[in-house]
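Since the structure comes first, as structure tokens, the remarks are kept for the end.
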Amino acid sequence: MPELPEVETVCRGLAPMLVGRRLSRIDQRRPDLRFPFPPGFVDRLTGAMVTAVDRRAKYILIRLSDGWTWLVHLGMSGRFTITPGGRASSGQAGHNSGWALAAPHDHVIAETDDGARIVYNDVRRFGFMDLIPPGDEAGNKHLSGLGPEPLSDDFTAEYFSSALAGKRTPIKAALLDQRVVAGLGNIYICEALWRSGISPRRLAASVNGKRAERLVGAVKDVLAAAIDAGGSSLRDYVQATGELGYFQHSWDAYDREGSACRRDGCDGVIRRIVQSGRSTYFCPKHQR
DNA sequence: AGTGTGTCCTGTGTGC
DNA sequence: TGCACACAGGACACAC
């Protein structure tokens, strides 16, 4: 379930495995995910030293010592599984065209110079990877045009109000627009709107003043709480299976159609509607 | 320019 | 049990 908090915990899980290590082997097991892999993908990564693992919105940015960046987007179903050096693979035996033991939908397998193994698995293949040349991050087609990080000091009520001014689209759709604010997805948008008491159908342009303040605060609170949940519920962000960054979470609005609203003093019932082709869950009683 | 819709892909859950 | 269908956390390429 990769939204920003999940991507963040994946980064925190990958970093200790990768930073300071060399990528000794890369097994790219198909020519494309959502998009073709960039030319020279395997050669560029093989032998490279990892210096940092960063995140921008929902993009994982693996920094290499030669200045290049390995960009990974998890799409809908992308996930990383790690196996520390010296242990057996967690993958099931299957068709093995490459050197690595691979389970179904294992598309990229990396091994570090200390024998750790990092597997990218993506059932739906909506994820993708790219390589960014040194100094070219601003020119990357995926990263250029992204709005501010929601947890940063750049994401203020003032900025938000001005970004929404004149937008004749529902606030739900505006929040999905990564140019307005980068990293929010369907779940946390539903949660933030529920928490701030704003209807997902409200015209974006009408979210300003106190409403904008409430929504900005709710976005930050919801994301921070989810990141905390990821960190506290998983030791070092790694499950027993080796899978990174995915954690149990209970939602107040998302996926609760027909259930009682959990807001104190509210006797509403959560409804599901479709906006921009996506399910929206909200309480019609207290979200206005 | 801004906004809405269809599409990529596979797996899972539900209802008949 | 088998089958058809709806739906799934994202982002892009279009049409209007």
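In what follows, chains carry the letters A, B, and so on, assigned in the order in which the sequence lines appear, proteins first and then strands, with residues in each chain numbered from 1.
In this structure, A/Y188 has its ring center at least 6.0 angstrom away from the ring center of A/W194.
At a threshold of 4.5 Å between non-hydrogen side-chain atoms, the residues A/D130 and A/F37 do not count as touching. Within the 4.5 Å cutoff, no side-chain heavy atoms of A/V10 are placed close to those of A/R79. Put simply, the side chain of A/M129 reaches to within 4.5 Å of the side chain of A/L33, judged on heavy atoms.
Regarding A/M76, its CE atom lies at a distance of 10 Å from the C1' atom of B/dC8, rounded to whole Å. Rounded to whole angstrom, the span from the CG atom of A/L33 across to the P atom of B/dT10 amounts to 12 Å. Taking atom CD1 on A/I187 and atom P on C/dA8, their separation rounds to 10 Å, with Å as the unit. Taking atom CG of A/D32 as the reference point, atom P of C/dC12 lies 17 Å away to the nearest angstrom. Nucleotide B/dC9 holds its P atom 17 Å from the CG atom of A/N121, rounded to whole Å. A/R79 places its CZ atom 12 Å from the C1' atom of C/dA8, with the value rounded to the nearest Å. Residue A/R278 contributes atom CZ, which lies 18 Å from atom P of C/dA6 at whole-angstrom precision. Rounded to an integer number of Å, the gap from CZ of A/R125 to P of B/dT10 is 5 Å.
Using a cut-off of 4.0 Å between Lys/Arg side-chain N and Asp/Glu carboxylate O, A/R12 and A/E8 are scored as salt-bridged. For the pair A/K285 and A/D267, the salt-bridge criterion is met [side-chain N within less than 4.0 Å of a carboxylate O]. A salt bridge is defined here as a Lys NZ or Arg NE, NH1 or NH2 lying under 4.0 Å from an Asp or Glu carboxylate O, and A/E137 with A/R63 meets this definition. Ion pairing of A/R272 with A/D255 is absent here, as no side-chain N (NZ or NE/NH1/NH2) approaches a carboxylate O to less than 4.0 Å. With respect to A/R56 and A/E149, a salt bridge is recorded, a charged nitrogen being found less than 4.0 Å from a carboxylate O.
Note on A/Q178: every side-chain N or O is 4.0 Å or more away from OP1 and OP2 of C/dG10. Side-chain nitrogen and oxygen atoms of A/S279 include at least one within less than 4.0 Å of the OP1 or OP2 phosphate oxygen of C/dA8.
Both thresholds, 5.5 Å between centres and 30° between ring planes, are not jointly met by A/F126 relative to the base of C/dA11, so the two rings are not stacked.
Note: A/I62 CD1 to A/C11 SG = 7.5 Å, rounded to the nearest 0.5 Å.
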With the sugar-phosphate defined as primed atoms, P, OP1 and OP2, and the base as all remaining atoms, what B/S/- string results for nucleotides 11-16 of chain B, 5' to 3', for protein heavy atoms under 4.0 Å? S-----
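Mapping A/R272 and A/H73 onto DNA chain C by nearest heavy atom places A/R272 closer to the 5' end of the strand.
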Dot-bracket for DNA chain C, 5' to 3', Watson-Crick and G-U pairs with both distances under 3.5 Å, [ ] for crossing pairs, | for partner on another strand, reads .|||||||.|||||||
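For the segment residues 139-146 of chain A, the set of residues with a heavy atom within less than 4.0 Å of an atom of DNA chain B is empty.
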For nucleotides 3-7 of chain B, which of its nitrogen or oxygen atoms have a protein nitrogen or oxygen under 3.5 Å away, and what is each distance?
| unit_1 | atom_1 | unit_2 | atom_2 | d |
| --- | --- | --- | --- | --- |
| B/dT3 | OP1 | A/R168 | N | 2.8 |
| B/dT3 | OP2 | A/K167 | NZ | 3.2 |
| B/dG4 | OP2 | A/T169 | OG1 | 2.8 |

May I have the step-by-step check of salt bridge (Lys or Arg N to Asp or Glu O under 4.0 Å) for A/R44 and A/D66, ending in yes or no? CA-CA 10 Å; A/R44 174 61 57 188; A/D66 59 5; 3.6 Å; yes
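Cluster note: A/L71 groups with A/F35, A/Y59, A/L61, A/F128, A/I132, A/L143, A/L146 through ILVMFWY side-chain heavy atoms spaced under 4.5 Å, whether in direct contact or through intervening members. Side-chain heavy-atom separations under 4.5 angstrom define the hydrophobic clusters, and the remaining members of the one that includes A/F282 are A/I273.
Neither A/L215 nor A/L203 shares a network with the other; the hydrophobic side chains, linked directly or stepwise wherever heavy atoms of I, L, V, M, F, W or Y lie under 4.5 Å apart, form separate groups for each.
Spacing between B/dC9 and C/dA13 at atom P, rounded to whole Å, works out to 15 Å.
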